[in-house]
2 protein chains.
Amino acid sequence: MGGGEPTVHIIDDDESLRRALDGLFRSVGLKARGYGSVREFLDGGIEDTPGCLVLDVRLPGLSGIDFQSQLGDHGIHYPVVLMTGHGDIPMSVKAMKAGAQDFLAKPFRDQEMLDAVAAAIERDRQTRSSEDGKSRVQKLFTTLSPREQQVMMLVTSGKMNKQAAGELGISEITVKIHRGSAMRKMGARTLADLVRMADLLKSTATRSR
Amino acid sequence: MGGGEPTVHIIDDDESLRRALDGLFRSVGLKARGYGSVREFLDGGIEDTPGCLVLDVRLPGLSGIDFQSQLGDHGIHYPVVLMTGHGDIPMSVKAMKAGAQDFLAKPFRDQEMLDAVAAAIERDRQTRSSEDGKSRVQKLFTTLSPREQQVMMLVTSGKMNKQAAGELGISEITVKIHRGSAMRKMGARTLADLVRMADLLKSTATRSR
DNA sequence: AGTTGAACCACACTTACGTATGAGACCAGA
DNA sequence: TCTGGTCTCATACGTAAGTGTGGTTCAACT
């Protein structure tokens, strides 16, 4: 899941520019793929491989900036490098506030683009490795039975077994059993591990997506 | 510590602009203070009150952008709103990447500035409340004796008392004593609390500043 | 010289944790 | 119908945690 070499996805309606960028990225050993429009990119089927997006601000159908803000809705979390031929400061500021990795005004030097893309890919790598840990824990959590999940949340919030038992209206011994199997299923060797996993779960549950 | 109403610190060598901004901020009930240069601001003595900075990119002595990147060295963590009369896209992108709250090209509308400053102050408020928790825990941690600190880190990493004892070359009973006083001094009612405090300490210790 | 705080340890006791054994009830899917 | 998972509980045993009492040593400060 999510393996492979990083790929740069270039979306621009100007085919000559696409080819030039494609060549540029390949010249430094990066995989690259070009698309003439957002539609074409989305239809291409998103593989879950590391990489980043390089977008023109002005695109047929949908602007690069609008698309950038909608990425989340499409389940895409690639860092974005924006390019523009006719941009202004407010536009660049808006894009950066929206979380763009970089914003390049044409004409730009090859090296600027390569630096931006390298940083974007590195950021994606970081995001992925931390997301991997979270989703691993989340996946494990779903394998717990409802009771086990409840008990896990109670004990990691500092409740003693007997307190958790009281809250759930069951006996302490039953809590111990659920607690034990929760630990085993989550792969937590100690309570400290379990607390950290629970915090991870809470942090992702609260996050706005 | 850190109380009071938020203050907008305006640094610009153009006094007429300073006065205009000062009036603008006061008109919406914000405290404001003007400075003709970075020097003047720094010499003014930094009070630890909530607020933000409004800087011109071009300043006598030191540019606003350079100053922004040095804020940390001065122990200042205010969000920064940058203004410029002669800016370009690369400059704005650089500023945003450096963590600026906003970047306004002159001329801007009053409302744009007010929105930017309001967002900056809100961000400062958030940062402060989370930093308060951290520094509270850090302060408590320093009240622990060296042994108590060591024991706390060991037990929160999942070690049993006897394992911690082994690592420290002391007896288990002594570990229990240190552990107990660490809990009491840190104000942790349960091990789960202590684990979270320890994680907070680790996260701030690792952070580059 | 006296006090204080830190670190160390032993003995003893209570409480909590963790697991094993055994068992009954329920429900859904093969 | 039988199997398997979930949830429930009791009894029991061994281990770990947490606290209290009492005591020693050492360095630092008064």
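Keep in mind that what you see is a predicted model, and the values were worked out from it rather than measured. Convention: sequence-line order gives letters A, B, ...; per-chain numbering from 1.
Ion pairing between a basic and an acidic side chain is recognised when a charged N comes within 4.0 Å of a carboxylate O; B:Lys97 and A:Asp102 show such pairing. Taking the charged nitrogens against the carboxylate oxygens, A:Asp43 and A:Arg39 do have a contact shorter than 4.0 Å, which makes a salt bridge. Salt-bridge check for A:Asp48 with A:Arg128: passed, with a basic side-chain N closer than 4.0 Å to an acidic carboxylate O.
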How does protein contact run along nucleotides 19-30 of chain C, one letter per nucleotide 5' to 3', with B for base contact, S for sugar-phosphate only, - for none, heavy atoms under 4.0 Å? BB----------
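Ring planes of A:Phe67 and A:His74: tilted class, angle from 30 to 60°.
Between the CZ atom of A:Arg147 and the C1' atom of D:dC9 there is a distance of 13 Å, given to the nearest Å. When the P atom of C:dC11 is taken as reference, atom CD of B:Glu172 falls 13 Å away, rounded to whole Å. The distance between atom CD1 of A:Ile170 and atom P of D:dT8, rounded to the nearest whole Å, is 4 Å. C:dA6 atom C1' lies 19 Å from atom CE of B:Met152, rounded to whole Å. Rounded to an integer number of Å, the gap from CZ of B:Arg189 to P of D:dA17 is 19 Å. With rounding to whole Å, A:Lys162 atom NZ is found 14 Å from C:dT14 atom P. Rounded to an integer number of Å, the gap from A:His178 NE2 to D:dC7 P is 6 Å. D:dG5 atom C1' lies 14 Å from atom CZ of A:Arg184, rounded to whole Å.
The side chain of A:Asn161 places no N or O atom within less than 4.0 Å of a non-bridging phosphate oxygen (OP1 or OP2) of C:dA16. For the pair A:Ser145 and D:dT6, the criterion of a side-chain N or O lying under 4.0 Å from OP1 or OP2 is not met. Remark: B:Thr174 is in phosphate contact with C:dC9, judged by side-chain N or O atoms under 4.0 Å from OP1 or OP2.
Remark: side-chain polar atoms of A:Arg26 are not paired, donor with acceptor, to backbone N or O of A:Lys31 under 3.5 angstrom.
Among the protein residues, A:Ser171 comes within range of the sugar-phosphate backbone only, with heavy atoms under 4.0 Å from sugar or phosphate atoms but none that close to a base. Within the 4.0 angstrom heavy-atom criterion, no nucleotide atom of any strand lies near B:Glu148.
Side-chain contact, A:Asp115 with A:Gln111: a donor N or O sits under 3.5 Å from an acceptor N or O.
Counting heavy atoms of neighbouring residues, nucleotides and ligands inside a 6.0 Å radius, atom CZ of A:Arg123 exceeds 12 of them.
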